[in-house]
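What's counted below: heavy atoms across the whole structure, side chains too, no hydrogens, waters or symmetry copies. To find a chain, count down the sequence lines: A is the first, B the second, and so on, and within it residues start at 1.
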Amino acid sequence: MPELPEVEVSRLGISPHIEGRTIKSVKVHDKRLRWPVPETVHQVEGHVLRSVSRRSKYLLLQTDNGCLILHLGMSGKLRVVPAETTHYKHDHIDIEFDNGQTLRLNDPRRFGALLYSDGDVSGHELLSQLGPEPLTDAFNIDYLFERSRGRSQSVKTFLMDNKVVVGVGNIYANEALFKAGINPKRAAGKISKVRYQKLVPIIKETLASAIELGGTTLKDFTQVDGNPGYFAQKLQVYGRGGKLCMVCSNRLKEIRLGQRSTVYCTQCQR
DNA sequence: AAAGACACCTGTCCGC
DNA sequence: TGCGGACAGGTGTCTT
């Protein structure tokens with residue numbers, strides 16, 4: 001899936017087509033997602049879609065009668081297609097609009113979700129415990145440094161903890177730690193403030209750059225228009241275990257941290 | 001409370 | 001060409 005940049009690219013891709021339009025229907029072809037799609041998603045039918053926003057990797061489709069919460073899991077993809085377009089394998093949801101456009105969710109692995117919230121969506125149980133957005137001022141050096149104190153877990157696992165900061169998934173955690181010269185195995189609580197001063201802006205730049213380039217296309221992520229994301233060409237360590245470091249030509253090491261593949265350079269990252 | 005393991009799925013790729 | 005096994009962008013839940 002989509003890490004934060006891919007979700008944001010999806011949001012930017014769909015919103016011009018559907019924002020301000022009235023939702024004609026929500027068609028559930030296959031309700032088997034991470035949680036069964038609830039009947040309450042039909043509450044939005046007949047109402048105007050006021051905004052498409054994002055919190056963490058959740059897309060929030062706010063109407064004047066509640067909010068749809070959409071998550072893409074590992075393999076979810078969104079496309080905007082003309083009404084009545086035939087649906088195929090793993091097409092789970094069609095949200096049809098009054099302008100003849102349909103927002104279609106395809107998700108082979110079914111780790112994605114579509115839920116409904118009728119109240120203040122920020123208080124929803126999936127959202128209320130989340131850490132700050134990485135591209136806001138709430139995510140800053142002092143904050144991350146303080147949160148890290150006393151933590152024995154690896155800095156990479158720490159960065160990927162949604163209660164610490166949202167949106168830093170496996171690709172960008174690997175990339176940011178490489179650029180910051182930090183060994184991903186190092187205990188988060190034992191890293192100096194000077195090093196967090198370097199790391200925080202790098203995380204922001206890495207994510208922002210990935211959004212600008214349309215995200216990272218690995219196997220199957222595409223932008224809503226079907227074009228690939230171009231950040232894959234910028235990856236320096238992710239997916240390159242055993243290959244040579246682009247900076248020092250040392251052979252990159254691949255290990256597992258928190259059951260996620262972790263690639264780093266033992267020369268450049270200490 | 002914190003850290004780690006596990007589970008949920010299908011598709012793809014690699015070695016035999 | 002087929003088959004088994006490992007692995008993949010996430011994250012809630014359970015166990016230590």
| note | Stems in DNA chain C, runs of 3 or more consecutive Watson-Crick or G-U wobble pairs with both distances under 3.5 Å, sorted by first number, are B:2-8 with C:10-16, B:10-16 with C:2-8

| query | When all nucleic acid strands are considered with a 4.0 Å heavy-atom cut-off, which category describes Asn162(A): base, sugar-phosphate, or nothing? | reply | sugar-phosphate

| message | Regarding Arg55(A) and Glu133(A), does a basic nitrogen lie under 4.0 Å from an acidic carboxylate oxygen? | response | yes

| task | Apply side chain to side chain contact (heavy atoms under 4.5 Å, CB included) to Phe111(A) and Ser75(A), showing your working. | result | CA-CA 7 Å; Phe111(A) 292 163; Ser75(A) 58; 6.0 Å; no

| request: Would you indicate, yes or no, if dC9(B) has its OP1 or OP2 atom less than 4.0 angstrom from a side-chain nitrogen or oxygen of His90(A)? | output: no

| query | Can you check whether Arg151(A) has a side-chain N or O nearer than 4.0 Å to OP1 or OP2 of dA1(B)? | reply | no

| message | If the cut-off is 4.0 Å, is His71(A) near the phosphate of dG10(C), judged by side-chain N/O to OP1 or OP2? | response | no

| task | Give a yes/no on whether any side-chain N or O of Ser152(A) is located under 4.0 angstrom from OP1 or OP2 of dA2(B). | result | no

| task | Kindly say if Arg260(A) contacts the phosphate of dG10(C), meaning a side-chain N or O under 4.0 Å from OP1 or OP2. | result | yes

| Tell me: NZ of Lys156(A) to C1' of dG10(C), nearest whole Å? | 12 Å

| dT11(C) to dT12(B) separation - P atoms, rounded to the nearest Å | 23 Å

| task | May I ask you to decide whether Lys24(A) forms a salt bridge with Asp98(A), counting only side-chain N to carboxylate O separations under 4.0 Å? | result | no

| message | Quick check: is Leu199(A) connected to Val165(A) through a chain of hydrophobic side chains (ILVMFWY, heavy atoms under 4.5 Å apart)? | response | yes

| query | Which whole-number value in Å describes the distance from Leu159(A) CG to dA3(B) P? | reply | 13 Å

| Protein-nucleotide distance (Leu4(A), atom CG; dT11(C), atom C1'), rounded to Å | 15 Å

| field | Among dG9(C), dC7(C), dG12(C), the one nearest Arg256(A) by side-chain distance | value | dC7(C)

| Stepwise side chain to side chain contact (heavy atoms under 4.5 Å, CB included) test for Phe158(A) and Ile191(A) | CA-CA 12 Å; Phe158(A) 172 70; Ile191(A) 292 175; over 6 Å; no

| field | Among dG11(B), dG4(B), dG10(C), the one nearest Pro108(A) by side-chain distance | value | dG11(B)

| With distance as the sole criterion, do the side chain of Arg109(A) and the base of dA8(C) form a donor-acceptor contact below 3.5 Å? | yes

| query | Between dT11(C) atom P and Tyr58(A) atom OH, what is the distance in whole Å? | reply | 6 Å

| query | What's the CG-P distance between Asn170(A) and dC7(C), to the nearest Å? | reply | 13 Å

| query | Quick one: which of Thr102(A), Ile23(A), Ile95(A), Val52(A) gives a side-chain contact (heavy atoms from CB on, under 4.5 Å) with Ile18(A)? | reply | Val52(A)

| query | With the threshold set at 4.0 Å, does a side-chain nitrogen-carboxylate oxygen contact exist between Arg147(A) and Asp161(A)? | reply | no

| Presence of Tyr172(A) side-chain N/O under 4.0 Å of dG9(C) phosphate oxygens OP1/OP2 | no

| note | In whole angstroms, the gap separating C1' of dT11(C) from CG of Leu72(A) amounts to 14 Å

| Roughly, in whole Å, what's the span from CG in Asp107(A) to C1' in dA8(C)? | 13 Å

| query | Below 4.0 angstrom, N of the basic side chain to O of the carboxylate: do Lys234(A) and Glu175(A) qualify? | reply | no

| ring centroid sep under 5.5 Å plus plane angle under 30, Phe111(A) with dT11(C) | no

| request: Check every strand shown and say whether Ser261(A) touches a base, only sugar-phosphate, or nothing at a heavy-atom separation below 4.0 Å. | output: sugar-phosphate

| For atom P, what is the distance between dA6(C) and dC6(B), given to the nearest Å? | 14 Å

| Tell me: NZ of Lys163(A) to P of dA2(B), nearest whole Å? | 9 Å

| field | Phe231(A) ring center within less than 6.0 Å of Tyr238(A) ring center | value | no

| query | Reckon Gly258(A) touches a base, only the sugar-phosphate, or nothing at all at heavy-atom distances under 4.0 Å? | reply | nothing

| query | Checking all strands, does Phe158(A) fall into the base, sugar-phosphate, or nothing category for heavy-atom contacts under 4.0 angstrom? | reply | nothing

| Does the side chain of Lys89(A) get closer than 4.0 angstrom to OP1 or OP2 of dT10(B) through an N or O atom? | no

| query | Can a donor-acceptor pair under 3.5 Å be found between the side-chain atoms of Arg34(A) and the base atoms of dT11(C)? | reply | yes

| note | Whichever of Gln153(A) and Gln259(A) has the more 5' nearest nucleotide on DNA chain B, that residue is Gln153(A)

